[in-house]
**Student:** 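Shown below is the structure under consideration.
Nothing here was measured: the structure is a model prediction, and the numbers come from that model. Throughout, protein chains are lettered first and strands after them, A, B, ... in sequence-line order, and every chain is numbered starting at 1.
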Amino acid sequence: MAEKIQERYEDSDLYRIRHSTAHVMAQAVLEMFPEAKYTIGPPIENGFYYDFDLPRPLTPDDLKALEKRMRQVLAGRHVFQKKVISADEARQVFAQQPYKLELIAGLEQGGFDEYGNPLKEKPDISIYSHDKFVDLCRGPHVENTGQINPAAVKLMSVAGAYWRGDEKNAMLQRIYGTAWRTPKELEEYLWQLEEAKKRDHRRLGKELGLFHFSDDVGPGLPLFTPKGEMLRHLMETYVRDLQTRYGYSHVWTGHLVKEDLYKRSGHYDNYVDSMFPPMVDENITFRLKPMNCPSHMTLYKEMGRHSYRELPMRFGEFATLYRYEKTGELTGLTRVRALTQDDCHIFCTEDQIQQEFTLALKLIQEVLERYRFIDYKVRLSLRGEGGKYVQDDEKWAKAETALRASLDANNVEYFEASGEAAFYGPKADFLARDVLGREWQLSTIQVDFIQPARLGLIYIAEDGAEHTPVVLHRAVTGTTERFMGVIIEHFAGAFPVWLAPQQVMIIPIADRHLEYSGQVAEKLKAAGLRVEVDGRTERMNSKIRDAQKQKIPYMLVIGDQEAEAGQVALRLRSGDNPGAMSLADFISLAQKDIQQGN
RNA sequence: GCCCUCAUAGCUCAGUCGGUAGAGCGCGUUCUUGGUAAGAACGAGGUCAUGGGUUCGAAUCCCAUUGAGGGCUCCA
């Protein structure tokens with residue numbers, strides 16, 4: 001099949017429309033605030049933004065006024081004109097604009113490509129002007145403002161943003177906008193946003209009664225209802241059983257750890273800001289456990305001297321960890337302070353890395369498929385320039401080589417990203433796309449040559465000498481909490497039968513059917529199904545509606561006919577109505593769905 | 001942490017110019033015993049997030065605190 005040639009976003013007319021709309025918006029803002037300092041305003045996915053330094057905060061009314069002014073400008077059919085100028089000329093044009101002057105100085109040093117790597121050639125400095133507005137800009141733009149449909153443009157929101165993303169810099173005001181070719185495209189985009197809102201796991205979590213947050217307990221600390229805990233249990237049991245099948249064993253290492261251990265492992269230096277404050281007891285300082293590796297490695301040591309014959313050893317744990325995330329970064333279940341990792345540490349020899357990587361990969365692939373994440377890619381996360389990485393070039397090189405070889409041996413396609421590694425080693429991260437096209441980092445496999453040596457792990461090799469094992473860190477779903485948030489949105493709350501906290505709702509039509517309904521429920525429970533009877537004095541229609549809203553896969557309606565014939569009348573949440581069938585038939589139907597992962 | 005927005009009944013939200021609170025859903029009671037997405041009536045339920053201030057008077061205006069949401073390097 002021919003490879004579909006995809007136009008680069010940067011070359012598309014949408015890109016030019018958005019870039020040009022950003023300029024028009026900047027013009028409107030400068031007209032409103034002549035003393036405003038303007039900075040940068042690039043097109044982004046689905047729109048554009050522009051950052052300003054303004055004398056006062058913007059209000060929603062300001063956005064309306066700006067939009068109105070932008071429409072007037074667009075109607076003017078002003079031509080965008082490019083001019084290449086010298087740095088000195090640019091400095092004159094933007095004499096009153098400190099941020100632009102900083103950009104000009106940067107351009108003189110040489111430019112950067114879109115990944116932030118320095119360019120070899122010095123870029124031209126160019127300005128684009130339209131109407132009475134001039135901006136330092138490399139383009140490209142539409143020919144004139146008439147090519148932008150005023151009815152396909154909308155300003156979305158105001159947000160704070162640091163100059164160059166650095167919290168040490170001044171806080172600017174960022175206006176987000178969106179622009180499309182046609183009003184219809186804009187409508188569709190806005191509709192998509194609405195749909196995404198309906199799937200929001202925070203909203204569905206409440207509607208389906210899965211979890212809550214409470215001011216009394218604290219921020220980022222979710223509370224799970226009986227249904228929510230059932231979901232957790234199902235998720236974790238699934239992975240646990242699978243791990244057992246793949247030859248992993250499970251350990252338990254508690255919630256508190258002496259701080260000293262983290263000083264030795266290197267976590268203290270790299271991670272202390274993300275740990276909860278210490279608990280001091282006389283001479284001992286404890287920390288809430290923010291990760292498992294040091295505990296698992298310590299357990300490995302305490303279990304005695306290990307022969308190479310015992311390796312690989314695979315320690316899995318569903319461990320609840322506590323991380324002190326900044327309050328501004330907490331969001332629903334996707335970013336919490338109490339998180340349960342399906343963590344695993346594999347102690348092996350260097351020769352075993354590839355086989356262990358392959359095993360972990362197979363497991364991850366099976367799990368992602370089970371959860372219907374069909375579209376995912378793999379990122380090879382390497383260390384970057386900064387100082388947070390443990391300095392040991394030889395070990396890093398070794399780890400990186402081993403990871404690449406493993407990826408290649410399994411024919412895994414991957415892309416590289418520098419600066420994304422853990423402080424102790426490179427990672428293969430699995431980024432899955434959900435049904436709304438959003439990307440989530442879920443699984444990870446990491447190669448660690450550093451910590452085992454730091455913590456003094458050894459095994460006795462064939463040669464009778466002590467060697468340091470390699471540790472692979474591996475997570476499949478990542479954390480139970482975040483993964484739950486992701487799958488709630490992925491499935492829009494309609495979990496596959498095997499995962500649904502409640503699989504069956506029995507709906508008796510009248511009180512006289514309660515007894516038979518109870519009997520049916522007992523039989524279904526005995527067959528391993530999660531079932532409830534809706535015995536309220538409500539009409540059947542109302543019970544169906546409620547079960548439907550709860551997205552329960554099977555509704556079994558029971559009236560005179562069913563009670564007499566010893567049957568159940570099946571209705572599905574899809575609205576399909578297979579009708580009356582024997583209990584045995586229903587059970588085998590349900591079990592088949594469960595087995596097939598439906 | 002920083003910027004902006006928000007906080008009214010269990011949930012979703014009204015509440016005008018400052019004059020001490022409303023709806024729908026849910027919940028309770030009663031009637032209704034029904035055939036594939038809402039049967040009816042009545043009733044209970046709120047220190048308007050917390051603490052200050054302005055005012056004759058604050059859900060409403062101001063300040064602080066707490067919590068939630070949208071953002072915080074896709075470098076002109």
Side-chain angles (χ1 to χ4, degrees), chain A residues 9-10 19 22-23 26 38-45 48-51 54 57-60 90 94 97 99-104 106-107 111-118 123-128 135-139 156-176 197 200 202-203 206-207 209 212-220 273 324-332 507-514 537-549 555-562 569-573 575-580:
Chain A
Y9 180 40
E10 290 77 10
H19 202 166
H23 277 218
Y38 56 130
T39 67
I40 58 163
I44 52 173
E45 194 180 0
F48 59 90
Y49 68 78
Y50 212 117
D51 287 347
L54 300 176
L58 289 167
T59 65
F94 299 104
Q97 293 293 337
Y99 297 98
K100 296 292 180 190
L101 292 175
E102 203 179 316
L103 292 170
I104 293 164
L107 289 171
F112 297 91
D113 67 13
E114 59 248 56
Y115 304 107
N117 302 313
D124 283 339
I125 294 178
S126 57
I127 54 173
Y128 273 82
D135 201 355
L136 184 72
C137 181
R138 79 174 151 208
M156 305 297 288
S157 60
V158 186
Y162 298 104
W163 169 236
R164 303 206 148 167
D166 188 335
E167 57 188 309
K168 290 184 202 82
N169 289 339
M171 175 66 71
L172 306 169
Q173 293 190 65
R174 172 170 298 180
I175 305 176
Y176 281 95
K197 249 191 207 167
D200 189 310
R202 289 165 299 196
R203 178 192 181 121
K206 208 176 267 178
E207 284 174 12
H212 295 276
F213 287 91
S214 166
D215 289 359
D216 293 336
V217 169
D273 290 343
Y324 194 70
E325 304 280 358
K326 295 178 189 174
T327 51
E329 293 189 332
L330 300 171
T331 330
I507 299 177
I509 290 180
D511 288 354
R512 61 178 178 280
H513 309 121
L514 276 174
T537 59
E538 285 294 337
R539 296 180 63 204
M540 178 203 64
N541 283 336
S542 163
K543 294 179 186 180
I544 286 177
R545 182 168 190 270
D546 289 341
Q548 183 84 41
K549 282 203 322 197
M555 288 159 254
L556 298 181
V557 176
I558 286 176
D560 289 335
Q561 294 163 30
E562 289 76 20
L570 174 62
R571 183 193 199 277
L572 304 175
R573 63 185 162 191
D576 288 346
N577 204 341

**Student:** Write down the distance between CD (A:Glu167) and P (B:C72), rounded to a whole number of angstrom.
**Tutor:** 13 Å
**Student:** Using whole Å, what does the distance between atom P of nucleotide B:C3 and atom CZ of A:Arg164 come to?
**Tutor:** 22 Å
**Student:** Expressed as a whole number of angstroms, how long is the span from A:Lys206:NZ to B:C13:C1'?
**Tutor:** 13 Å
**Student:** Let me know the distance between OH of A:Tyr176 and P of B:U5, rounded to the nearest Å.
**Tutor:** 17 Å
**Student:** My validator wants the stems of RNA chain B: runs of 3 or more consecutive Watson-Crick or G-U pairs, both distances under 3.5 Å, written as range with range.
**Tutor:** B:1-7 with B:66-72, B:10-13 with B:22-25, B:27-31 with B:39-43, B:49-53 with B:61-65
**Student:** Taking the side chain of A:Arg174 as its heavy atoms from C-beta onward, which of B:A37, B:C75, B:C74 lies nearest to it?
**Tutor:** B:C74
**Student:** Using whole Å, report how far CD of A:Glu538 lies from C1' of B:G26.
**Tutor:** 11 Å
**Student:** Within less than 4.0 Å of OP1 or OP2 of B:C74, is there a side-chain N or O belonging to A:Tyr49?
**Tutor:** yes
**Student:** Among the candidates B:G39, B:A37, B:C4, find the nucleotide nearest to the side-chain atoms of A:Pro57.
**Tutor:** B:C4
**Student:** Check this for me: does the side-chain of A:Arg571 come within 3.5 Å of the base of B:U36 through a donor and an acceptor?
**Tutor:** yes
**Student:** CE of A:Met156 versus C1' of B:G69: gap in Å, rounded?
**Tutor:** 15 Å
**Student:** Any chance you could list the contact pattern along nucleotides 43-50 of chain B? Use B for base contacts, S for sugar-phosphate-only contacts and - for none, protein heavy atoms under 4.0 Å, 5' to 3'.
**Tutor:** --------
**Student:** Suppose we call a contact any N or O donor and acceptor under 3.5 Å apart; does that hold for the side chain of A:Tyr162 and the base of B:G1?
**Tutor:** yes
**Student:** On a plain distance test, is the side chain of A:Gln173 in donor-acceptor contact with the base of B:G71 below 3.5 Å?
**Tutor:** no
**Student:** Can you work out whether A:Asp560 or A:Met171 has the more 5'-proximal nearest nucleotide on RNA chain B?
**Tutor:** A:Met171
**Student:** How many whole angstroms separate atom CG of A:Asp166 from atom P of B:C2?
**Tutor:** 16 Å
**Student:** Could you tell me if A:Lys100 sits above the aromatic ring of A:Tyr38, with its cationic atom closer than 6.0 Å to the ring centre and no more than 45 degrees from the axis?
**Tutor:** yes
**Student:** Protein-nucleotides 59-65 of chain B N/O pairs closer than 3.5 Å?
**Tutor:**
none

